[in-house]
Protein chains: 2
Amino acid sequence: MEHVFRSDCPINFALEIFGDKWSLLIVRDIVFANKTTYSDFLESNEKIATNILSSRLKRLEETGIIEKRHDSTRKTKTKVTYGLTQRGAELIPVLIEIMLWSGKQREMDDEAQAIIDKAKQDKQVLISELRQKVVA
Amino acid sequence: MEHVFRSDCPINFALEIFGDKWSLLIVRDIVFANKTTYSDFLESNEKIATNILSSRLKRLEETGIIEKRHDSTRKTKTKVTYGLTQRGAELIPVLIEIMLWSGKQREMDDEAQAIIDKAKQDKQVLISELRQKVVA
DNA sequence: CTGTATCCTTAGGGATACTG
DNA sequence: CAGTATCCCTAAGGATACAG
């Protein structure tokens, strides 16, 4: 059955797709931390539970934000990786604005601060770089 | 007791503050729909329940995103309104990027589309206009 | 390594009645 | 009008065991 939205508002539309406490963290892991595998996501600081990770990966795939990629080079262990779709990569500006907002509210750790500084310096360049890295 | 964050990541920081299905809708109502009162928020299309609205207003106030304003002109009925703080107004760019993302995914209603179009045309101007309207 | 399944607890949320 | 309070249910989430 198809998802019925509470309204046609674009903010609400987005919230119903990734407006929970975990989805954007997975996207963040892919964009900023070069994480691609199930175990990568499990290792992140926020300590997502396996059942939640599983359900979020499924939903993000269903909504066309991430996609499974099967590494065909290795035969023995099927290596599954997740990457952003085009639609997913378009979330990069959203992530950056969120980081900029948070950066104004409190001190962040060094690697995060480096990204924030870069965004302040030239947002478009940062977006392009991240997009390229992630689409490739 | 103070809130303990799952991590120091700026994305996570933001998600723990407004990463739920309702908080950003309240901010949206203030920014784009000129809503300011409890009953205004209740009337929005998504039909928030009174207990949830109450708890979200409280949390948004605690986290410094909105503030109560008591209309002193009228004496009989104490008119309570909510407005964005400076910190809250800094969420406008986040809202706009979210709207732009959603606008790429599907058709939105006319008034939303008008804002999206304006954002595409000149993001900075739109942000300034909204900020001015909301801070004033 | 990539998940599912299960159990259990808590948080979120809908409906509605009620209060200053 | 601006909320609180209550009841009750469902979804989210943590912990852990297990399967391909």
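So that the names make sense, note that chain A is the first sequence line, chain B the second, and so on, each numbered from 1.
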_Without decimals, in angstroms, what is the distance between E61(A) CD and dG3(C) C1'?_
13 Å
*asked:* If I take atom CZ in residue F41(B) and atom P in nucleotide dC1(D), what distance separates them, rounded to the nearest angstrom?
replied: 14 Å
*Nearest-Å distance for atom pair CG/C1', residues L53(B) and dC1(D)*: 13 Å
*Is E61(A) salt-bridged to K68(A), cutoff N-O under 4.0 Å?*
no
*Are V125(B) and V31(B) grouped together when hydrophobic residues (ILVMFWY) are joined by side-chain heavy atoms under 4.5 angstrom apart?*
no
*Look at S54(B) and dT4(D) and indicate whether a side-chain polar atom (N or O) is within less than 4.0 Å of OP1 or OP2.*
yes
*Assign the ring pair F18(B) / W101(A) to parallel, tilted or perpendicular, where the plane angle (0 to 90°) is split at 30° and 60°.*
perpendicular
*Give one of base, sugar-phosphate or nothing for T37(A), where a contact means two heavy atoms less than 4.0 Å apart.*
sugar-phosphate
*Would you please test N45(A) and R6(B) for side chain to side chain contact (heavy atoms under 4.5 Å, CB included) and show each step?*
CA-CA 7 Å; N45(A) 290 331; R6(B) 297 178 295 185; over 6 Å; no
*Looking at F5(B), is R106(A) sitting on its ring face, NZ or CZ under 6.0 Å from the six-membered ring centre and within 45 degrees of the normal?*
yes
*Rounded interatomic separation in angstrom, taking CG from L57(A) and P from dA12(D)*: 15 Å
*Looking at Y82(B), does any N or O in its side chain come under 4.0 Å of the phosphate oxygens OP1/OP2 on dG3(D)?*
yes
*Going 5' to 3' through nucleotides 13-20 of chain C, assign each nucleotide B (protein heavy atom under 4.0 Å from a base atom), S (under 4.0 Å only from sugar-phosphate atoms) or - (no protein heavy atom that close).*
BBBB----
*With sequence neighbours excluded, tell me which residues meet side chain to side chain contact (heavy atoms under 4.5 Å, CB included) with S44(B).*
R28(B), D29(B), K35(B), E46(B)
_Atom-to-atom span, CD1 of I26(B) to C1' of dA2(D) - whole angstrom_ = 14 Å
*asked:* Quick check on DNA chain C: between R59(B) and Y38(A), whose nearest nucleotide comes earlier from the 5' end?
replied: Y38(A)
*Which angle, to the nearest 10 degrees, lies between the helix axes at the two ends of the helix from dC1(C)-dG20(D) to dG20(C)-dC1(D), each defined by five pairs?*
40°
*To the nearest Å, how far apart are L42(B) CG and dA2(D) C1'?*
9 Å
*Write down the atom of S102(A), the atom of P10(B), and the distance for their closest heavy-atom approach.*
OG-O, 2.7 Å
*Return yes when atom CG of D110(A) has more than 12 non-hydrogen atoms of other residues, nucleotides or ligands closer than 6.0 Å, and no otherwise.*
no
*Verify the neighbour count for atom NZ of K21(A): are there more than 12 heavy atoms of other residues, nucleotides or ligands below 6.0 Å?*
yes
*Rounded off to whole Å, could you give me the NE2-to-C1' distance for the H3(B) and dA11(C) pair?*
14 Å
*How long is the line joining CG of D40(B) and P of dA2(D), in whole Å?*
8 Å
*Within the structure, does a side-chain N or O atom of K58(A) lie under 4.0 Å from either OP1 or OP2 of dT2(C)?*
no
